[in-house]
Amino acid sequence: QVQLAESGGGLVQAGGSLRLSCAASGRTFSSAAMGWFRQAPGKEREFVAAINWSGGSTFYTDSVKGRFTITRDNAKNTAYLQMNNLKPEDTAVYYCAASGYRGTPYSPRQYKYWGQGTQVTVSA
């Protein structure tokens, strides 16, 4: 019911910023929690941030608190991840996901729909 496509990744120096976008199609976007996950080669997929259906609640993993901001614009069917003060440890493929759960779910198994991913590389 929801199709997601990430964009905005790229190569940036440590301390720099990127804004990822997640373009959504489908009729259930506005009622779904949205999340961002990331995965480095050989690593488990890691929760980054989540936002509830209205955008009124957010939740972040500790390693990105104060640096990343998740937002959504339901009128534009788009979710965003603003990433500031990037670190080499942030290097990964970033995935947007949509969940049927209420609130701000943090487990990958709580998300039903996934984008294709966008690469973020942070150089030292």
Side-chain angles (χ1 to χ4, degrees):
Q1 290 184 315
V2 179
Q3 296 79 46
L4 307 173
E6 305 93 334
S7 62
L11 175 64
V12 65
Q13 292 184 228
S17 298
L18 286 172
R19 188 179 74 158
L20 306 183
S21 297
C22 176
S25 61
R27 299 177 64 83
T28 63
F29 175 79
S30 295
S31 62
M34 301 294 297
W36 287 95
F37 292 76
R38 64 189 182 187
Q39 188 168 26
K43 304 291 186 180
E44 292 289 314
R45 188 163 297 188
E46 175 190 25
F47 171 77
V48 176
I51 188 166
N52 77 330
W53 71 273
S54 69
S57 296
T58 58
F59 180 67
Y60 301 89
T61 192
D62 284 346
S63 63
V64 308
K65 286 181 180 177
R67 300 189 297 121
F68 290 11
T69 304
I70 184 172
T71 57
R72 67 190 298 165
D73 187 338
N74 289 339
K76 296 181 179 180
N77 295 324
T78 304
Y80 305 93
L81 185 68
Q82 177 67 45
M83 306 186 294
N84 297 327
N85 191 24
L86 283 160
K87 303 176 180 180
E89 307 94 276
D90 297 317
T91 295
V93 176
Y94 282 70
Y95 297 91
C96 177
S99 174
Y101 284 75
R102 300 183 68 84
T104 53
Y106 60 85
S107 173
R109 61 176 51 90
Q110 295 175 295
Y111 287 82
K112 184 175 182 179
Y113 303 101
W114 295 82
Q116 83 288 348
T118 186
Q119 177 71 46
V120 172
T121 303
V122 184
S123 62

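In this structure, the side chains of Glu89 and Ser63 stay at 4.5 Å or more apart for every pair of heavy atoms. Using a 4.5 Å heavy-atom threshold, the side chains of Val122 and Pro88 count as touching. No side-chain heavy atom of Leu20 sits under 4.5 Å from any side-chain heavy atom of Glu6.
Here OG1 of Thr78 is found 10.5 Å from CG of Leu4. Values are rounded to the nearest 0.5 Å. Atom CD of Glu46 is separated from atom OH of Tyr94 by 7.5 Å, given to the nearest 0.5 angstrom. Taking OH of Tyr101 as the start and CZ of Arg109 as the end, the distance is 9.0 Å to the nearest 0.5 Å. Summarising the geometry, atom OG1 belonging to Thr91 is positioned 7.5 Å from atom CD belonging to Gln119; distances are rounded to the nearest 0.5 Å. Between atom CH2 of residue Trp53 and atom OG1 of residue Thr104 there is a gap of 14.5 Å, rounded to the nearest 0.5 Å.
Between Arg72 and Gly55, the shortest heavy-atom contact is CD-N, 3.9 Å. The nearest pair of heavy atoms linking Pro105 to Ala50 is O-CB, 3.4 Å. Nearest heavy atoms, Arg45 versus Pro108: O-CG, 4.4 Å.
Under a cut-off of 6.0 angstrom, the local environment of NZ in Lys65 is crowded, with over 12 non-hydrogen atoms contributed by other residues, nucleotides or ligands.
The hydrophobic clustering, which links ILVMFWY residues whose side-chain heavy atoms are closer than 4.5 Å, places Tyr106 and Phe37 together. The hydrophobic clustering, which links ILVMFWY residues whose side-chain heavy atoms are closer than 4.5 Å, places Tyr60 and Tyr111 apart. Put simply, Val12 and Met83 are part of the same group of oily side chains (I, L, V, M, F, W, Y) that touch within less than 4.5 Å, one to the next. Under a hydrophobic clustering in which Ile, Leu, Val, Met, Phe, Trp and Tyr are joined whenever their side-chain heavy atoms come within less than 4.5 Å, directly or via other members, Val64 and Trp36 fall into the same cluster. Under a hydrophobic-cluster definition in which Ile, Leu, Val, Met, Phe, Trp and Tyr are linked whenever side-chain heavy atoms come within less than 4.5 Å, directly or via other members, Val48 and Tyr80 are assigned to different clusters.
For Gln82, the side chain to side chain contact (heavy atoms under 4.5 Å, CB included) test picks out Ser17, Arg19, Thr69, Asn84, with sequence neighbours left out. Under the ring-ring contact (aromatic ring centres under 6.0 Å, His included) criterion, Phe59 pairs with Phe47, not counting sequence neighbours.
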Item to check | From CA spacing to verdict: side chain to side chain contact (heavy atoms under 4.5 Å, CB included), Arg38, Val120 | outcome: CA-CA 9 Å; Arg38 64 189 182 187; Val120 172; over 6 Å; no
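Between the side chain of Asn74 and the main chain of Asn77, no donor-acceptor pair closer than 3.5 Å is present. Looking only at distances, a side-chain donor or acceptor of Asn52 sits under 3.5 Å from a matching main-chain atom of Ser57.
Among residue pairs with one or both ends in residues 39-74, none qualify as disulfide (SG to SG under 2.5 Å); sequence neighbours excluded.
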